[in-house]
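Here is the structure we will look at.
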Amino acid sequence: MTELAVNLGGLQMKNPVTTASGTFGFGPEYAPFVDLNKLGAIVVKGITLKPRKGNPTPRIAETPAGILNCIGLQNPGVDYFIEKSLPYLRQYDTPVIVNIAGNSLEDYAEVTRRLSAAEGVAALEVNISCPNVKEGGMIFGTSCTMASEVIGVVRQNTRLPVIAKLSPNVTDIVEIARGVAEAGADALALINTLLGMKIDVYSRKPVLGNIMGGLSGPAIRPVAVRIVWQVAQAVQLPILGMGGIMTAEDALEFILAGATAIAVGTANFINPRATVDILEGIKQYMEKYGVKDINELVGAAWN
Amino acid sequence: MSFCGIAEVVINQKVGPEHYLMRILAPELTRLAKPGQFVHVRCSSVLDPLLRRPISLHGIDYERGTVSLLYQVVGRGTQLLSEMKPGAEIDIMGPLGKGFSIPDRANRVLVIGGGIGVAPLFPLVQALKRYKIKQTVLLGARSADFVVGADQLASLEVRVEVSTDDGSLGYKGFVTDLAEKHVKLNKPDYFFACGPNPMLKQLLKITRKFGLAGQVSLEERMGCGVGACLACVCKIKVASGRCSVAGVNEGAPIDFEYKKVCTDGPVFAASEVILDD
Ligand SMILES: Cc1cc2nc3c(=O)[nH]c(=O)nc-3n(C[C@H](O)[C@H](O)[C@H](O)COP(=O)(O)OP(=O)(O)OC[C@H]3O[C@@H](n4cnc5c(N)ncnc54)[C@H](O)[C@@H]3O)c2cc1C
Ligand SMILES: Cc1cc2nc3c(=O)[nH]c(=O)nc-3n(C[C@H](O)[C@H](O)[C@H](O)COP(=O)(O)O)c2cc1C
Ligand code: FES
């Protein structure tokens with residue numbers, strides 16, 4: 001028997017495979033393709049206090065082995081989420097991690113309070129790294145003091161595990177990781193998208209409606225693996241690794257670099273069954289190479 | 001429910017200057033398919049181009065278990081599709097989206113296709129025929145060689161009229177001009193349309209002027225195709241008095257909300273869509 005269970009900063013998961021926020025909707029979208037009970041956890045789309053319309057289109061563009069998106073945190077707001085989306089997710093025996101974002105510290109505090117009082121939320125993933133909104137988002141994640149303040153405020157308002165999702169668009173991510181660890185984060189999610197853009201040479205205009213967008217997909221994987229490797233060795237917090245994971249091998253690369261769990265994002269768009277295929281592949285790898293417990297592989301590439 | 005898996009390419013042939021017709025054997029998918037829906041196909045088995053491409057169902061053969069796609073080569077993805085040989089395996093997902101719905105009260109219907117927008121109209125025309133609803137189909141294209149499917153439609157014994165921008169076939173001018181003439185002269189009581197946004201925009205001006213109700217099929221760039229990523233949104237009017245929860249900005253005037261072309265559409269009621277320039 002292979003042991004797949006992991007503990008992500010107090011969140012017990014039956015296996016290390018989760019979904020990346022914003023790529024898996026609120027669950028029902030992929031239910032025709034995936035048995036949601038099989039997932040280690042479900043991370044839902046970023047939620048804010050008030051509903052958000054998001055950015056104008058085009059919101060997506062393709063790049064070599066990657067995509068740029070500028071969705072702009074379109075979401076129905078926390079109350080709608082609690083009332084309409086959570087009851088659906090509660091049917092499943094899979095913990096729900098809610099990704100949250102805000103314009104101000106007070107926003108983060110209020111969203112945290114409302115979600116903590118709701119039934120069926122297992123953990124909060126705090127997005128301080130969205131490159132696609134003018135206010136809030138990444139601005140919180142690129143300054144060490146602001147990042148720590150946001151995490152501190154969330155910490156004060158909840159007993160749920162707090163996962164800080166960091167931006168790779170910074171000079172020294174290890175410094176920010178240390179800051180949020182001190183502020184009370186239980187785990188880190190690495191990485192959010194890399195800020196990028198694309199220009200149509202025929203129209204001579206940027207392709208995306210919001211000009212810039214976040215790069216995701218296989219193109220960013222080496223950067224993500226490097227960040228997980230650096231942060232995992234510097235900070236004593238479990239890591240939820242993501243960035244371009246398409247296959248079980250990709251997922252294992254993150255685990256060997258030091259991630260306790262992994263999230264599948266852009267890959268869902270290409271293969272709607274990517275999450276469960278990756279889980280199956282991890283099991284096969286463990287059986288083939290005689291790995292009894294997945295936790296043995298966490299950071300196993302360090303020495 | 002939707003199918004996602006490998007299917008077999010039965011035919012993939014050139015039918016116009018940049019146009020191809022692909023027939024795919026996919027009984028599970030076909031069984032579920034309805035006019036106006038689309039499939040999301042992978043054009044490559046490697047990571048570039050990465051995303052699937054949305055293509056409308058152009059033909060649905062419930063008996064043979066095949067669907068056909070009519071597509072125009074406009075970039076790398078469609079180029080790769082055009083290179084697939086009969087017998088090849090294709091990774092296909094669908095049917096996706098909400099298709100056309102046939103209104104009870106329609107008696108004389110106008111069906112308008114611009115450019116490759118004719119693709120999803122075929123199964124619709126067949127359905128209207130089955131319901132014994134009178135219809136006229138208007139096809140617009142750049143020039144005579146870009147008119148695809150007129151013969152096929154004629155073989156269904158429906159009235160077809162063609163317009164070309166350069167006058168090389170049929171009426172010289174835009175299909176929307178042709179549509180306006182028809183609306184004035186024949187007083188249809190419903191319409192269906194698919195085509196490029198500028199055409200739809202002009203058409204909506206006309207149909208709104210004459211109070212003609214209908215449905216339009218929209219296009220937007222897609223990621224997931226299943227409603228998860230929110231990439232493919234279009235603007236939909238919010239009925240006054242109703243405060244929508246889904247997607248209203250703080251302080252912003254409540255005039256529209258973003259809906260997903262992939263799951264709320266691609267077909268929308270003409271009265272509710274807002275098309276930007
Ligand atoms: C619901 C739906 C149904 C469609 N049905 C058909 C069909 O039946 N036949 C057909 O030929 N095409 C159809 N399309 C358009 C088709 O998806 C695009 O032409 C295709 O994705 C282009 O891929 P590419 O790699 O060849 O071109 P790319 O290199 O990706 O792009 C080439 C050009 O096409 C434009 N484009 C790219 N993606 C889209 C898109 N999703 N919608 C509109 N324009 C796009 C780009 O702006 C660019 O100018 C449909 C689109 C949607 C959303
Ligand atoms: C369309 C799209 C929407 C996203 N929305 C969010 C979001 O709301 N909140 C968030 O923290 N991250 C969001 N992300 C980032 C992903 O969760 C993930 O960090 C990133 O895409 C890298 O993983 P991937 O390469 O596997 O997609 C989004 C990514 C994509 C592609
Ligand atoms: S393509 Fe992802 S929501 Fe429509």
Side-chain angles (χ1 to χ4, degrees), chain A residues 19 22-34 44-45 48-67 69-77 79-81 83-84 103 207-209 216-219 221 244 246 265-273, chain B residues 1-5 32 40-53 75-77 91 93-94 96 197 218-235 238 243-263 275-276:
Chain A
T19 59
T23 65
F24 208 74
F26 295 115
E29 294 85 351
Y30 279 98
F33 307 100
V34 171
V44 297
K45 173 71 187 167
T48 52
L49 186 57
K50 294 277 163 59
R52 283 212 197 169
K53 260 190 169 128
N55 287 324
T57 56
R59 290 179 169 185
I60 191 165
E62 220 174 15
T63 62
I67 60 172
N69 88 80
C70 58
I71 308 300
L73 287 180
Q74 177 180 338
N75 80 90
D79 294 335
Y80 183 95
F81 170 77
E83 211 178 298
K84 295 280 169 23
N103 286 343
V207 170
L208 290 175
S216 67
R221 201 174 75 233
M246 302 291 293
T266 302
N268 294 302
F269 306 165
I270 292 98
N271 171 13
R273 280 191 281 270
Chain B
M1 280 311 281
S2 297
F3 169 84
C4 179
L32 306 165
H40 217 18
V41 297
R42 279 196 80 182
C43 304
S44 153
S45 56
V46 293
L47 299 178
D48 190 35
L50 188 61
L51 291 171
R52 290 173 179 270
R53 297 293 189 265
R76 279 184 59 221
D91 186 339
M93 200 174 154
L96 301 173
N197 267 3
L218 302 182
E219 283 191 9
E220 191 47 71
R221 290 205 218 158
M222 291 189 178
C224 65
V226 297
C229 73
L230 305 175
C232 66
V233 296
C234 61
K235 288 182 179 173
V238 178
C243 181
S244 157
V245 247
V248 178
N249 261 358
E250 294 155 68
I254 305 175
D255 50 359
F256 74 91
E257 59 183 339
Y258 280 123
K259 291 254 188 182
K260 297 174 263 196
V261 170
C262 68
T263 49
L275 296 173
D276 291 335

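K235(B) contributes no side-chain N or O that, together with a main-chain N or O of P56(A), makes up a donor-acceptor pair within less than 3.5 Å. In this structure, the side chain of Q74(A) does not engage the main chain of L230(B) through any donor-acceptor pair within 3.5 Å. Distance alone, capped at 3.5 Å, places no donor-acceptor pair between the R221(B) side chain and the P58(A) backbone. Side-chain atoms of R273(A) come within 3.5 Å of backbone N or O of C4(B) as a donor-acceptor pair.
Across all non-hydrogen atoms, the minimal contact from A228(B) to T23(A) is CB-O, 3.9 Å. When all heavy atoms are compared, the tightest approach of M246(A) to L50(B) is CE-CD1, 4.2 Å. Here the closest non-hydrogen pair linking L51(B) and E62(A) is N-OE2, 2.7 Å. Listed here is the closest heavy atom pair of A231(B) and T57(A): O-CG2, 4.2 Å.
Legend: residues meeting ring-ring contact (aromatic ring centres under 6.0 Å, His included) with F269(A), ordered by chain and number and at least two apart, are absent. Partners of F3(B) according to the ring-ring contact (aromatic ring centres under 6.0 Å, His included) rule, which considers only residues two or more places apart in sequence or in another chain, do not exist here.
In terms of heavy-atom pairs under 4.5 Å with chain B, the best-connected choice from P28(A), G217(A), P218(A), A219(A) is P218(A).
Residue F24(A) touches chain B through its backbone alone, counting heavy-atom pairs closer than 4.5 Å. Within the 4.5 angstrom heavy-atom criterion, no atom of R76(B) approaches chain A. Residue contact with chain B, scored on non-hydrogen atoms closer than 4.5 Å, involves the side chain of T266(A) exclusively. For a residue to count as touching a neighbouring chain, one of its non-hydrogen atoms must lie under 4.5 Å from one of that chain's; by this rule M93(B) touches chain A with the side chain only. Within the 4.5 angstrom heavy-atom criterion, only side-chain atoms of Y30(A), from C-beta onward, approach chain B. No part of V44(A) comes within reach of chain B, as not one of its non-hydrogen atoms sits under 4.5 angstrom from that chain.
Judged by the 6.0 Å and 45° rule, R59(A) forms a cation-pi pair with Y258(B).
Atom CD1 of I71(A) is separated from atom SG of C229(B) by 5.5 Å, given to the nearest 0.5 angstrom.
Side-chain contact check for P272(A) versus R52(B): some heavy-atom pair is nearer than 4.5 Å.
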